[in-house]
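Just so we're on the same page: letters track the sequence lines, and every chain starts at 1.
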Amino acid sequence: MKIATWNVNSLTVRLPHVLDWVRTAEPDILALQEIKLLTEVFPLESFTEVGYHAIASGQKTYNGVATLSREIAADPVTDIPGFDDPQRRMLVTTIDNVRVVNLYVPNGQRLGSLKYEYKLNWLAALRNFLAVEMALHEHLVVLGDFNIAPADPDVYDPVKWGEDIHCSPAERAALKELLKLGLVDVFREFEQPEKSFSWWDYRAGRFRRNAGLRIDLILASPALAARCTASYIDREPRGWERPSDHAPVIAEFGL
DNA sequence: ATGGTGGTCCAACCA
């Protein structure tokens, strides 16, 4: 089973890229973030035409997540219990006996800002929700745009970036709290090329210089991680015309 | 370099 995540930065603009990519990569499950459209206008038929079911939790202009799958998704959850939030950033479904938690973690903007505080509160609430989901589902995957680079090798210039947004101690501690539940960052379970990143700012030729961060992650429960056979980043779509600023991240499982 | 580019939607916000 092949599971992937991709922040598309507007599904309206990137629909042709997503359709092209699924036709060749053939993931069983694809978690999309920043679809930036209302659930009511989600292009469902475009995906059924290429053999995918789809479920979305969207809003106008910002945020929004959707999950594509070969098999139909069941038992959707779109809100973190006890965390009142109009922003559409989570979509939990069960597909092929795997609990799939698709996330668009808040960006945080800058340290000390209201958005930063919101990010940390959101992650704390998520941690409590995931503790419950972990107990209920042996095979659970938490994937998406975490807006956190786990460690220095996930940053193109860790000295220059320092402890700025995406790399601050509080953000990394919040991610560590998720890993302490038993979740495994499967990308790091395999040998990887130096300077492996999933996001490159549009500005200042960052992709051309491979000045990126690895902030798109696939975390698996222990039983699922034990079945992971490969994980990698597909940089190719980042080089396409009018690309998303993120690349797809993939994990393969012997399921 | 407190900039640069890109999406949403046409002013200003978000990333």
Check side chain to side chain contact (heavy atoms under 4.5 Å, CB included) between A173(A) and all other residues, then give those that pass, not counting sequence neighbours. none

Can you list every pair that meets side chain to side chain donor-acceptor pair (under 3.5 Å) and has a residue in residues 107-117 of chain A, with sequence neighbours left out? Y116(A)-S168(A)

Let me check I have this right: for DNA chain B, each base becomes ., (, ), [, ] or |, based on Watson-Crick or G-U pairs with both distances under 3.5 Å. What is the full string? ....((((...))))

Roughly how many Å is it from CD in E241(A) to P in dT5(B), rounded to a whole number? 17 Å

Would you give a per-nucleotide map of nucleotides 7-15 of chain B, 5' to 3', where B means the base has a protein non-hydrogen atom under 4.0 Å away, S means only the sugar-phosphate does, and - means neither? SSS---BSB

Sorted by first residue and then second, give each salt bridge (Lys or Arg N to Asp or Glu O under 4.0 Å) pair with at least one member in residues 92-104 of chain A; sequence neighbours left out. R99(A)-E133(A)

Pairs flagged by salt bridge (Lys or Arg N to Asp or Glu O under 4.0 Å) wherever residues 61-79 of chain A is involved - sequence neighbours left out: D79(A)-R88(A)

Separation of atom CZ in R208(A) from atom P in dG4(B), rounded to whole Å: 16 Å

Whole-angstrom distance between dT2(B) and dA15(B), as gauged at atom C1': 15 Å

DNA chain B-proximal residues of residues 151-167 of chain A, any heavy atom under 4.0 Å: none

Polar side-chain atom of N102(A) near backbone of A66(A) as donor-acceptor pair, under 3.5 Å: yes

In whole Å, measure the gap between the P atoms of dG3(B) and dC9(B) for me. 26 Å

Applying ring-ring contact (aromatic ring centres under 6.0 Å, His included), name anything that partners F42(A), two or more places apart in sequence or on another chain. F47(A)

Considering residues at least two apart in sequence or located in another chain, which fulfil the salt bridge (charged side-chain N to carboxylate O under 4.0 Å, His left out) criterion with R242(A)? none

F190(A) meets the side chain to side chain contact (heavy atoms under 4.5 Å, CB included) criterion, sequence neighbours left out, with Q192(A), C228(A), S231(A)

Going by atom type alone, with no hydrogens or angles, which donor-acceptor pairs under 3.5 Å involve a side-chain atom of residues 15-32 of chain A and a protein atom two or more places apart or on another chain?
from   : atom 1 : to      : atom 2 : distance (Å)
H17(A) : NE2    : E241(A) : O      : 3.1
D20(A) : OD1    : R23(A)  : NH2    : 3.3
W21(A) : NE1    : D234(A) : OD2    : 2.8
T24(A) : OG1    : D20(A)  : O      : 3.4
T24(A) : OG1    : W21(A)  : O      : 3.2
D28(A) : OD2    : K2(A)   : N      : 2.7

Residues pairing under side chain to side chain donor-acceptor pair (under 3.5 Å) where one sits in residues 177-187 of chain A, two or more places apart or in two chains, turn out to be E177(A)-K180(A), D185(A)-R214(A)

On a whole-Å scale, what distance lies between the C1' atoms belonging to dA1(B) and dA11(B)? 26 Å

Less than 4.0 angstrom from a charged side-chain N to a carboxylate O is my criterion; do D245(A) and R203(A) meet it? no

